[in-house]
Each structure stands twice: as C-alpha cells, then as structure tokens.
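Notes follow the structure.
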Amino acid sequence: MTSVLLPETAARSIEVRREIHRHPELGFEEHNTQRIVERELDALGIEHRRVARTGVVGVIRGAQRGRVAALRADMDALPIVEDSGEACASEVRGKMHACGHDAHTAMLLGAARELQSARETLHGAVVLLFQPAEEGPGGALPMIEEGALDDPRVDAVAMLHVDSRLATGTIGITAGPVNAAADEFHVTIRGKGGHGASPHKAVDAIPCAAAVVLALQNVAARETDPLAPIVVTIGTIDGGYRNNVIADRVKMTGTIRTHDAELRAGAEAKVRRIVDGVAGAYGATAEVQMLYGYPPVINDAALAASFAAHLRERTEIRIEAPVPTMGGEDFAYFAQRVPGVMARLGIYDEAVGSIHSGHSPQFRLDEAAMPTGIATLVAFARGVGDGSIAVPAGAR
Ligand SMILES: [Zn+2]
Ligand SMILES: [Zn+2]
C-alpha cells in the first residue's frame, strides 16, 4: 500500500506554508499563526481549543475503537534577517522561519485534512498539538501542564523536523537519544582593575578568562568518555574598557550539550571546579551560574522500530536512521510523558537550493518533501490507532 494523499491536500498545505512563511512570529507571539491554524481547522470541521497562550490543540475522533496518537508541530520563527531568495520570503524584517516550523505546522494541517476525511475508518483519536515557542522559552511544558496530553489521553506522540542532512523524500527514524539537552552557563571573572602599564598592581581578568576558556575544553577532551557525546561551547566573551586599562571583570556565556542524563548532571560540577580553580591560580575570583534548558529527546526504542517497520512495509517512503545531533528540542517533554518519536524529514535538494542547514539566513525548504511528511504523520496516527504500530504497554 502506498500513501496517496487527497488531490487537494499537498497543494493546500504548501499554500498555508507560504502564508505562514511570509508572516513569521517569535515564541509566544504566534497570534496570526494561531488564527491561521484555527481557520484551517474550522474549515475542516475539527474541534480545537487554545493552550499555552498562542498554541492550539485539535482533536479528531475516529469512528472505530482504538488508541490515541498525538502529532506535534511547532509554530515559531527566529530573529534572523531572511536572505533565502524564496518567493514567499519573510515580510517582517528581522524575523524568519529558518527552522522549518512553518512547514511543520502546514504539514500537520495537511495530515489533519487526511485524517478528518477518513474518520469513518479511523481507529481511536488523533490529538493535533500546535506548539508555540520551541526556539525558546519553550511551549511544550505549558501545553502539557494545561492538559494537552490528557483529553483525550494520549498513548503515543510523534513529530517531524525538516533535516537538510537527508535527501528530499527520505524519513529519518532513530531509536534512543536523537537530540541533546541544551543547558546554558554564565561565568563572571573578577580581578582588580588598574593601569595597563602596571600589571603588577592589578589582577588582570583577561588572561584569566583566556585560561578559563582553554581549560574548559578539557571537560570534553580529557574528562569525558570519548564514546559519550558532550559539547562545551563558549559563545560570548565580554570585558575590558580600552587598550591601556586592565580589565577588572570578564563575562562569558556558553552552552553545554549532552545526551546522557548522568553526564549532564555531572557537567556543572566539572565547569565549576575548572573555573574556580583557574581563577584562583590567577588571583581572581569567579562566579558560575547554570541555567538548565530542555532535556534530551529520547525516542522510545520499541515505538521507533515499530513505526519504521510500518512505513517500510506499507509505504514507498525511503527510511534511514540518521545519527543523533547535539541540537535541542522541547519535544523532549512530550516524549518524557508518553512514548514518543522525533522523526526527520529530508529536504536536501541542490536543484532547488535547499542545501543550507536550519537557522541559516539562506535556509530554503524544498516543498516537494511536504507530501512525504504529511503521509508519514498520517501513517503514525492511523497505525497507533489501529494497533499496527506497537505502543509500549503501561507507559504511564
Ligand atoms: Zn530551530
Ligand atoms: Zn526547529
């Protein structure tokens, strides 16, 4: 069986994607996008409610008994000046859908159209999760807190993310950790200011900061099992006044990315020990502040395997198992509550310039991938509903 979409589904989905792409909105400002989603759901006759300020939950109830699948799409854009050259480029300067969330939302609406029109043969129910603020500060957790997974009670959840590592038409499904925990840290080094010509009468925060930056590389290089991924990146460094003044203070910020819970929990102590130790060696003092972000996305192994096998058996879609990334995704919270799969949708195609990675001002999305995405979402919902995709028992 191949997944053949209704004739109008792909065209309408692409049209909606372009409409959203022209009007990008940042996290928790997705008022226009929310109205577009509601307008489309109304046109399809699908019940919906607002959650998490700018989010929407829709529910499709099948005529047959079965399990409840949830499908999640994020809706927010990024503060980037678009330079994609796309005909439907952003009309709001400084905001851009550079992560493909416009397509995620439009594909979920496409899947909703398919599922709603097949309600008579649909088993169980499908919860449509239109989520705000994935790029920050995070809309998944407030949606869960407002009961998005409870009414009806969701048995399994899936999402798609566009991925320029995979060719258009390919779906990536990998078991286990697929995205990283994304934690933030702030370091302040305090020395003693003075005249640039008299270093011996001051405590220079700048060489101390330089030594801290280098020493922090040891967390990944020398203190962690090379088979367990960790990233420690210093993203900003700021200090000093002018060429002949010794800086009394340097501030730095960075991100730590991990897949493993134990490694994540231990990283803060390593950073603190190194920063404090190096600062002490230089006669300076230091403060470290950790800000914990999204947990890692862990795909349920059994659900991921069953979903991939289902697609291989029943569709023509090419399935791969791409390696995990160190990116962050707050879908992690949904997948902590119920068995979940974050799947990837290939969009790489040189012929249409869809070659840049997400968050690039040149990011372009190959819309030819969207029918594959819609078919994949529909297959998950139907398969979970009628039991042909195995949902781990007693998950919550
Ligand atoms: Zn992103
Ligand atoms: Zn994204």
Side-chain angles (χ1 to χ4, degrees), residues 17 20-21 23-30 33 37 52 54-55 71-84 86 90 92 94-109 129-143 157-166 171-174 177-184 231 233 235 255 257 293-299 322-335 340-348 354-367 369-370 373 376-377:
R17 183 250 154 186
I20 297 173
H21 194 87
H23 305 285
E25 296 172 301
L26 303 182
F28 292 125
E29 294 172 3
E30 304 95 332
T33 312
V37 167
T54 46
L71 302 171
R72 179 272 211 169
D74 39 16
M75 304 157 77
D76 58 320
L78 287 157
I80 293 175
V81 178
E82 180 157 357
D83 185 25
S84 70
E86 272 209 90
S90 171
V92 187
K95 295 179 191 173
M96 175 188 178
H97 269 291
C99 204
H101 300 185
D102 51 341
H104 301 168
T105 298
M107 288 189 293
L108 184 51
L109 287 167
L129 303 168
F130 294 93
Q131 185 210 298
E134 190 285 321
E135 302 286 1
L141 213 44
M143 284 183 81
V157 61
M159 66 162 283
L160 276 180
H161 203 298
V162 298
D163 194 326
S164 55
R165 297 175 303 163
L166 304 175
I171 290 288
I173 298 177
T174 305
V178 289
N179 259 34
D183 302 318
E184 184 179 339
V231 175
T233 291
T255 185
R257 305 292 173 109
Y294 304 156
V297 177
I298 314 284
N299 279 350
V323 293
T325 79
M326 301 309 279
E329 237 301 341
D330 71 347
F331 177 75
Y333 292 111
F334 291 117
V341 174
M342 173 183 181
R344 316 270 180 178
L345 172 66
I347 54 163
Y348 187 91
S354 184
I355 55 171
H356 301 281
S357 65
H359 294 208
S360 159
Q362 279 99 37
F363 177 78
R364 252 180 191 243
L365 194 143
D366 182 11
E367 291 170 335
M370 291 174 65
T376 301
L377 294 171

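Computed over heavy atoms, backbone and side chain alike; hydrogens, waters and symmetry mates excluded. Positions are given from 1 along the sequence. What you see is a predicted model; the values in this text were computed from it and never measured. Note that ligands are numbered from 1 as they come in the structure, with each ligand's atoms numbered from 1 the same way.
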Margin query: To check you understand the geometry: which heavy-atom pair defines the closest contact between Leu345 and Ala369, and what is its length?
Written below: CD1-O, 3.6 Å
Notebook entry, point to check: How would you list, by chain and number, every residue that makes a ring pair (Phe, Tyr, Trp, His ring centres under 6.0 Å) with His101, sequence neighbours excluded?
Noted result: His104, His161
Next item on the list: Could you please tell me which protein N, O or S atoms lie under 2.8 Å from the Zn ion (ligand 2)?
Entry: Cys99 SG, His101 NE2, His161 NE2
Check: Is the closest basic N to carboxylate O distance between Lys95 and Glu25 below 4.0 Å?
Finding: no
Notebook entry, point to check: Is it true that Asp366 and Arg364 have a side-chain N and a carboxylate O under 4.0 angstrom from each other?
Noted result: no
Next item on the list: Using the six-membered ring wherever Trp is involved, compare the ring planes of His21 and His97 and label them parallel, tilted or perpendicular (cut-offs 30° and 60°).
Entry: tilted
Notebook entry, point to check: What pair of heavy atoms forms the shortest contact from Asp330 to Gly139, and how long is it?
Noted result: OD2-N, 3.1 Å
